[in-house]
Amino acid sequence: MPNWLLPENIADVLPSEARKIEELRRRLLDNFRLYGYEMVMPPLLEYLESLLTGAGQDTDLRTFKLVDQLSGRTLGVRADMTTQVARIDAHLLNRASVTRLCYAGSVLHTRPSGLHATREPVQIGAEIYGHAGIEADAEIQELALNSLALAGMQEVRLDLCHVGVLRALIANDAAARGQEAALFGLLESKDVPGLRAISNAYQPATRDALLALPGLYGDISVIAKARITLPALPGIARALDELQALAELAGSVKAANVTIDLADLRGYHYHSGVMFAAYVPGLPNAVVRGGRYDHVGEAFGRARPATGFSMDLRELARLMPGAERKRAIRAPWGTEAGLREKIAELRRAGEIVIQSLPGHENDQDEFDCDRAVEFSNGNWIIKILG
């Protein structure tokens, strides 16, 4: 096996792609700041019990684990930064007011999350803590769609769901509550025969509603259909009202093609309210995932409403057009004071100046040297190259 062979679904990022990722990262973080988000930088690894607090089984399975040589305790390499940021809000900042935080950094997965996905995503995201109302969910949804627009994504499909629908359905049915995990899996795969088989002992109203959920998928009109089809329970009515408001908000600015899927329950155990996923042409996986997760703060000993989203910059950058080569200036190598001052002056003005090392030609993918520094009539001047 060659020494330079990388593990499966792990890849180097070469210059042109790296520049796209970094420029997009800066653009999105600058935009988050315009909304009032403060940046935090959680550590790459933590003690496993802290890293997985409130994260759910899916995150546990995606987390690489190793033994700390200093303490002998088990460490985990972060597979997601959301719970780390929730820990920062709960324990380090400890604010009583609304807090907006954002982050960006690499995470590591034991397995790829989807077709052609990398196991080393560059995750970026934003979270709001301290407000339980739909206003926070609306801001997060707007910011997520705005981020995709800044990345040049013109066609976006926004899928909305709400965990409150299923939880309200099974709340008064002991048999259904005892099989919540199994129901979650069957609904996620839209396995109607499986749902029919597992629900034989449920209350008739619960059974009928569960069998209807996989078919409640489509445009915003699905919400009106759900109000007729599903039981008139307060929890269901509240969930549908929130979905209606968020769908209308996204549709009003024509930021996305909005769909509703009341059986799409990815992240069910992690989330506590509205969930959303955004899809763009060219990627089989959701490019953005987000939603409300009020119970994570409670796992850290401080109950705190929370909602947010995250996305993978590497996946998003792959869909963007190739970055244009940057105009640059070629300069000779030398120690003359005039030359060094001229180069410094150009760089202070924001110009890219590449010095040619003796005996070598410059070979770069990113720069187009359309000008050169030359010595003429006792001065160092800029010459336009033909």
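- With hydrophobic clusters built from ILVMFWY side chains whose heavy atoms lie under 4.5 angstrom apart, L101 does not share a cluster with L44.
- Checked for salt-bridge contact, R100 and E139 meet the test: a charged N lies under 4.0 Å from a carboxylate O.
- Judged by the 6.0 Å distance and 45° axis criteria, R157 is positioned over the aromatic ring of Y279.
- Remark: the backbone N or O of Y202 is not paired with any side-chain donor or acceptor of T206 at under 3.5 angstrom.
- Between L6 and A11, the closest heavy-atom pair is CD1-CA, 3.9 Å.
- Nearest heavy-atom pair across A263 and C161 is N-SG, 4.5 Å.
- Under the side-chain contact (heavy atoms from CB on, under 4.5 Å) rule, I223 has a single partner from L262, L160, L240, D241, which is L240.
- Neither side chain, Y37 nor E127, offers a donor N or O lying under 3.5 Å from an acceptor on the other.
- Two residues are said to be in side-chain contact when any heavy atoms from C-beta on lie closer than 4.5 Å; V107 and H109 meet this criterion.
- Exactly one of V353, I382, I329, I381 qualifies for a side-chain contact (heavy atoms from CB on, under 4.5 Å) with K342. That residue is I382.
- The structure places CZ of R25 at 4.0 Å from CD of E22, a figure rounded to the nearest 0.5 Å.
- Between the R207 side chain and the R196 main chain, a donor and an acceptor come within less than 3.5 Å of each other.
- Nearest heavy-atom pair, P231 versus A205, reported as atom, atom and distance to 0.1 Å: CG-O, 4.4 Å.
- D312 places no side-chain N or O within donor-acceptor distance of the main-chain N or O of Q123, the cut-off being under 3.5 Å.
- The distance from atom CD1 of I124 to atom SG of C102, rounded to the nearest 0.5 Å, is 7.5 Å.
- Within the 3.5 Å criterion, the main-chain N or O of G291 finds a donor-acceptor partner in the side chain of T307.
- Geometrically, R304 does not engage Y129 in a cation-pi contact defined by less than 6.0 Å to the ring centre and at most 45° from the axis.
- Taking hydrophobic clusters as Ile, Leu, Val, Met, Phe, Trp and Tyr residues chained together by side-chain heavy-atom distances below 4.5 Å, L319 shares a cluster with V288.
- There is no path of hydrophobic side-chain contacts, each under 4.5 Å, that joins L210 to Y217.
- The aromatic rings of F32 and F309 lie perpendicular to each other, with more than 60° between the two planes, well past the 30° mark.
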